[in-house]
Asks: 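I have a structure here, written as structure tokens, and I will follow up with some questions on it.
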There are 2 protein chains.
Amino acid sequence: MNVRAYHHGDLRAALVSEGMALLVERAADAVSLREVARRAGVSATAVYRHFPDKEALMTALANEGLARLAAAQHAAFEAKGGGVDGFSATGAAYVRFALANPALFRMIFAHHSPGDLTAGDTSDDAMSFLLQNARALAPPGTDPRAFALQCWSLAHGLALLMLDGHVPVDDAAIDRIVDVRAMTGGHVQPGEGFDRPGTCA
Amino acid sequence: MNVRAYHHGDLRAALVSEGMALLVERAADAVSLREVARRAGVSATAVYRHFPDKEALMTALANEGLARLAAAQHAAFEAKGGGVDGFSATGAAYVRFALANPALFRMIFAHHSPGDLTAGDTSDDAMSFLLQNARALAPPGTDPRAFALQCWSLAHGLALLMLDGHVPVDDAAIDRIVDVRAMTGGHVQPGEGFDRPGTCA
DNA sequence: CTCAAATGTTTACGGTATAAACATAACCGA
DNA sequence: TCGGTTATGTTTATACCGTAAACATTTGAG
């Protein structure tokens with residue numbers, strides 16, 4: 001499937017690029033097919049040669065956004081050297097990514113992704129990364145899948161509450177609220193740093 | 001401001017009613033002003049005699065929805081006789097309301113509400129109810145506002161992840177994930193039931 | 001009874017998604 | 001090199017949408 005070099009060069013990539021740029025300025029529902037096409041210097045209906053409908057273009061944007069989100073989380077994890085602190089950092093990075101890319105973040109989750117928590121950890125996406133961490137850090141006797149879902153829900157909820165203006169955006173609060181220790185009552189798996197009370201207080 | 005008895009009778013109420021009905025069938029962005037007007041048996045522009053624009057009608061729908069959500073939470077709280085179990089039930093009711101009214105739930109939070117966690121507990125809305133419970137149930141030494149925000153984020157995040165299809169909808173899982181004890185490490189305020197390990201596992 | 005205000009309708013405009021027909025440019029086999 | 005098939009982009013058209021403006025009607029107040 002050679003996408004290079006036809007009339008435009010690579011219109012598909014250009015449309016995704018312009019779409020991403022528009023999502024920085026506008027909310028997703030204020031981004032129109034026609035405007036994306038206009039920015040790419042192409043007629044409105046040219047988009048339909050690469051995407052069956054608007055939804056498909058939005059899905060492409062969502063996929064690109066998901067990749068960036070995952071990258072931000074991995075970077076945050078590595079910056080802390082992994083472990084409990086690294087895992088907490090992935091949660092904070094999740095929220096900060098949402099605040100830095102509101103329209104894109106909403107777009108990502110408004111479009112159904114393939115993976116869910118029931119799937120195995122074979123997929124190489126953010127889901128398996130989450131489950132992997134949950135398995136390592138869940139308090140003894142706790143179902144790692146339930147723990148993972150709690151962590152995800154906590155970060156996801158905080159991100160959206162701040163994004164929608166229901167909770168004041170406070171950078172320090174992000175780290176405080178999204179703290180794994182706050183969900184384990186101060187317990188962490190042995191070998192993953194020392195045991196201390198959750199910093200949430 | 002006498003709204004009764006003119007040409008239509010009470011068009012404003014009828015528009016809200018038809019709008020709510022449409023939100024049961026369609027997503028919010030698929031509900032058009034014109035369709036609401038059509039259902040109310042009125043011309044498209046008649047809506048503008050009661051709402052300055054579409055956004056205003058949507059806000060009215062959101063307010064109605066917020067009242068219903070709060071009612072559902074209070075009912076769940078009372079059904080459990082209050083306390084920790086009652087508070088956990090409000091979280092579960094929050095998620096179940098979202099799943100039962102997807103479009104309405106999204107609408108509620110897509111429109112800015114007046115209150116946030118920094119405000120005092122003087123307002124008589126769901127926010128003060130949450131803070132009140134958080135104050136009573138937060139683990140010793142924990143900031144009740146931070147605890148409240150964690151609880152809210154957890155429920156909100158779970159609701160949206162299930163709503164968006166990223167997490168399988170599992171009724172039993174709702175109670176398991178949204179469990180206050182899971183966030184306190186098994187500690188509850190004295191006098192609020194016996195101390196036992198969180199049921200999340 | 002009259003008149004102004006409240007309410008609803010008609011008409012109009014620019015925007016949207018997208019289907020259909022058409023035009024062109026690139027590649028591919030002969 | 002040539003000719004046609006296919007991929008790509010454009011033009012045109014349709015049916016919606018939100019909403020502004022002008023007009024019509026109904027209502028209640030004086």
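Below, chain A is the first sequence line, B the second, and so on; all start at residue 1.
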Asks: Between B:His50 and C:dG8, is there a contact of a side-chain N or O with OP1 or OP2 at under 4.0 Å?
Replies: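 The answer is yes; a side-chain N or O of B:His50 sits under 4.0 Å from OP1 or OP2.
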Asks: Quick one: which of A:Val16, A:Leu61, A:Val42, A:Leu57 gives a side chain to side chain contact (heavy atoms under 4.5 Å, CB included) with A:Val36?
Replies: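 That would be A:Leu57; it is the only one of A:Val16, A:Leu61, A:Val42, A:Leu57 passing the side chain to side chain contact (heavy atoms under 4.5 Å, CB included) with A:Val36.
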Asks: A:Phe105: what forms a ring-ring contact (aromatic ring centres under 6.0 Å, His included) with it, not counting sequence neighbours?
Replies: A:Tyr94, A:Phe109, A:His156
Asks: Taking only residues two or more places apart in sequence or in another chain, which ones pass salt bridge (charged side-chain N to carboxylate O under 4.0 Å, His left out) with B:Glu78?
Replies: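 If we apply the salt bridge (charged side-chain N to carboxylate O under 4.0 Å, His left out) test to B:Glu78, skipping adjacent residues, there are no hits.
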Asks: Measure the spacing between CZ of A:Phe51 and CG of A:Leu33 and express it to the nearest 0.5 Å.
Replies: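 A:Phe51 atom CZ to A:Leu33 atom CG measures 9.5 Å (nearest 0.5 Å).
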Asks: Decide salt bridge (charged side-chain N to carboxylate O under 4.0 Å, His left out) for B:Arg39 and B:Glu25; before the verdict, give the C-alpha distance in whole Å, the side-chain angles of both, and the deciding distance to 0.1 Å.
Replies: CA-CA 13 Å; B:Arg39 291 235 189 167; B:Glu25 317 172 15; 3.1 Å; yes
Asks: Treat primed atoms plus P, OP1 and OP2 as sugar-phosphate and everything else as base, then score nucleotides 10-19 of chain C 5' to 3': B for base contact with protein heavy atoms under 4.0 Å, S for sugar-phosphate contact only, - for none.
Replies: BB----BBBB
Asks: Do side-chain atoms of A:Ser17 reach the backbone of A:Ala13 as a donor and acceptor pair under 3.5 angstrom?
Replies: no
Asks: Calculate the interatomic distance between A:Leu11 atom CG and C:dA25 atom C1'; express it in whole Å.
Replies: 14 Å
Asks: What integer distance in Å separates A:Arg12:CZ from D:dA7:P?
Replies: 15 Å
Asks: Nearest whole angstrom, please: distance from the P of D:dT27 to the CG of B:Asp10.
Replies: 15 Å
